[in-house]
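Single-structure report; data block below.
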Amino acid sequence: MSGRRPAPLVTGTVRPGWEGVRDAFARGQAEDPGGAQLAVRHGGRTVVDLWTPGTGRFGYGAAPDVADGADGAGSADGADGADGADGPGVTEGEAFRADSVGVLMSVSKALVAVCAHLLIDRGDLDPDDPVARHWPEFAAAGKAETTVADLLAHRAGLPAYTDDPAGLPEALLLDPAARVRALAAMSPVWDPGKAFLYHALTYGDLVGEVVRRVSGESVGRFFAREVAGPLGLDLWIGLPEREEHRFVPQRAVRPDPTPGQVAQAVERTGLAPGDRLATSLRASSAELGRATASFGTRRGRAAEFPAAGGIGDARSLARLYAALVGPVDGVRLLSAATVDRARTPCTDHLPQPGVLHRLDGPDRSRFGLGFELPRPGTPLLGEGSFGHAGAGGRLGMAHPESGLAVGYVCTAMAWEPSAGPDPRWMPWTEAVRKAAGLGGG
């Protein structure tokens, strides 16, 4: 026992039969320097609603002002925080609380996908539509045949906004209209639909612009009106200033790679330095780094970065996913047929582009229409489940057959995808599956 930190203080509620999830959550968070929230819904009702402030090594892990996490412990009151100026939404030493909100990183992509599928469900959009049918400027530079499904499944060949390996400069990156213009003008790096590769930032603007063209409003506003509003979610694509006092910043646990290190990693894949795919990989990394840094400012949080800049809490993520697979307080977002189409594999038959196909293996990414599908590195809730992970370890997911829906939000950017699943996930994921009758430890 000596030398180990004590398990973090876990607060919240669990229903009878789900107590093992609380214990597993505490084990998973025992070494985490940041705070975290975990929410689980089963059959539409909340069965787990937990949070922990973390070990305190980030400075905002102070013990909360509520009792220890017995089953009946109540949630904490809202955090007092900053006034909306650039910088963290809470001061150093402020605890991560039950109603705190944080950056979701790529979990945000699922929010965008939900907007597209709402339009699909209503008959206003078809995945097989050419993108140019709704966004005529997109037809430029050899993209006339690219489909909406290609955008949703990361098959469009546009993983960066520019062919400059330094990426789009900050002034343009923080301008949604400039990002969209850049994508409309670009030629694809590979033949759309013939290969796939993760579109870390561009996904949000590609799919988001289709949503805007069809609905008449930005994807952030559409999500607020059609999804977050009816369900009462604390989820935003563009954080309102009135919610800044609840925001807790994310912190990295290791240094970001330098541009030189990224270039070396790209070269190790076998790509020549001047290869256009190599340039795109370097540009995408640089753009993602700038975008992530911007989330530490009020401007970045207020901006709509649909692929990575969503902000919210675990409780709302679980409620969102629950409403995708069943009714929640009378609201069901998508039909069962639309959900089945969204979780149908769309990339399993495709290689990664260029020489990257040599890196394909059993743990390569898998996508449906806008959602990640289970793989060893991101097992989600097992076969049939769908969802999306986010950089650092955030996670949202659902399993339609069991009625499970889960949200996990953390402040420590600790997950290293190349090493496999986040160690923080594994204890409580197995406990959730076991409590729901899906097996597991």
Side-chain angles (χ1 to χ4, degrees), residues 10-15 17-22 24-25 28-29 35-52 69 75 96-111 113-114 223 227-236 246 310-334 339 342-343 371-372 378-382 384-390 393-410 422 424-425 427-436 438:
V10 172
T11 302
T13 59
V14 295
R15 286 186 176 267
W18 296 81
E19 295 90 350
V21 177
R22 181 193 57 223
F25 178 55
Q29 295 300 132
Q37 303 161 336
L38 174 65
V40 182
R41 296 181 76 97
H42 187 226
R45 70 174 188 168
T46 299
V47 293
V48 174
D49 187 357
L50 300 171
W51 61 279
T52 176
S75 297
F96 189 61
R97 300 173 184 266
D99 74 336
S100 296
V101 297
V103 178
L104 302 177
M105 296 306 291
S106 285
V107 170
S108 311
K109 291 180 173 66
L111 279 57
V114 168
F223 182 83
V227 181
L231 284 168
L233 304 179
D234 286 339
L235 289 177
W236 301 273
R246 300 170 58 190
I311 292 174
D313 61 17
R315 188 181 297 121
S316 295
L317 280 176
R319 189 172 171 88
L320 170 66
Y321 273 96
L324 297 180
V325 300
V328 174
D329 295 334
V331 177
R332 174 160 184 167
L333 291 173
L334 301 178
V339 169
R343 62 175 172 155
F371 295 96
E372 286 190 287
T378 313
L380 303 178
L381 292 166
S385 62
F386 67 98
H388 219 293
R394 290 87 168 170
L395 188 61
M397 54 190 175
H399 186 267
E401 285 72 21
S402 68
L404 278 172
V406 179
Y408 173 77
V409 174
C410 55
D422 193 323
R424 293 172 296 181
W425 300 338
W428 59 257
T429 298
E430 290 301 305
V432 165
R433 287 175 51 82
K434 182 178 180 180
L438 291 176

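All residue numbers in this chain count up from 1 along the given sequence.
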Spacing of L38 atom CG and R424 atom CZ [to the nearest 0.5 Å]: 12.0 Å
Sidechain N-carboxylate O distance under 4.0 Å for D234, R315: no
Expected output: side-chain H42 to main-chain S402 donor-acceptor under 3.5 Å: yes
H388 side chain to S106 backbone, donor-acceptor under 3.5 Å: yes
W425 (side chain) donor-acceptor with R394 (main chain) under 3.5 angstrom: no
Side chain proximity check, F371 to M397, heavy atoms < 4.5 angstrom: no
Over all atoms of both residues, closest heavy-atom pair of L380 and S385: CB-OG, 3.3 Å
Spatial distance of atom CH2 (W236) from atom CD1 (I311) [nearest 0.5 Å]: 8.5 Å
Distance flag, aromatic centroids of Y408 and W428, threshold under 6.0 Å: yes
Residues V227, L111; criterion side-chain contact (heavy atoms from CB on, under 4.5 Å); working and verdict: CA-CA 9 Å; V227 181; L111 279 57; over 6 Å; no
Straight-line distance of L395 CG to M105 CE, nearest 0.5 Å: 14.5 Å
Heavy-atom closest pair, residues P400 and G384: CD-O, 3.5 Å
Sub-4.5 Å side-chain heavy-atom contact between V40 and W18: yes
Side-chain H-bond candidate by donor/acceptor type, S316 with D313, under 3.5 Å: yes
Validation row: T11, T52 side chains within 4.5 angstrom (heavy atoms): no
Exercise: identify the closest heavy-atom pair between L231 and A323: CD1-CB, 3.6 Å
Interatomic distance, C410 atom SG to Q37 atom CD [nearest 0.5 angstrom]: 10.0 Å
Within-4.5 Å side-chain heavy-atom neighbours: L320 and L333: yes
Side chain proximity check, L438 to L404, heavy atoms < 4.5 angstrom: yes
Student check: side-chain heavy atoms of D49 and V14 closer than 4.5 Å: no
Closest heavy-atom pair and its distance - G17, A435: O-CB, 3.7 Å
L317 to G407 - nearest heavy-atom pair and separation: CB-CA, 3.8 Å
Side-chain touch L233/R319, heavy atoms, less than 4.5 angstrom: yes
Expected output: side-chain R97 to main-chain D99 donor-acceptor under 3.5 Å: no
Backbone of T378 reached by a side-chain donor or acceptor of E372 within 3.5 Å: no
Side chain proximity check, V432 to V48, heavy atoms < 4.5 angstrom: no
Steps toward salt bridge (charged side-chain N to carboxylate O under 4.0 Å, His left out) verdict (R343, E401): CA-CA 12 Å; R343 62 175 172 155; E401 285 72 21; 2.7 Å; yes
R41 side chain to T46 side chain, donor-acceptor N/O pair below 3.5 angstrom: yes
Which atom of A322 lies closest to which atom of A405, heavy atoms considered: N-CB, 3.3 Å
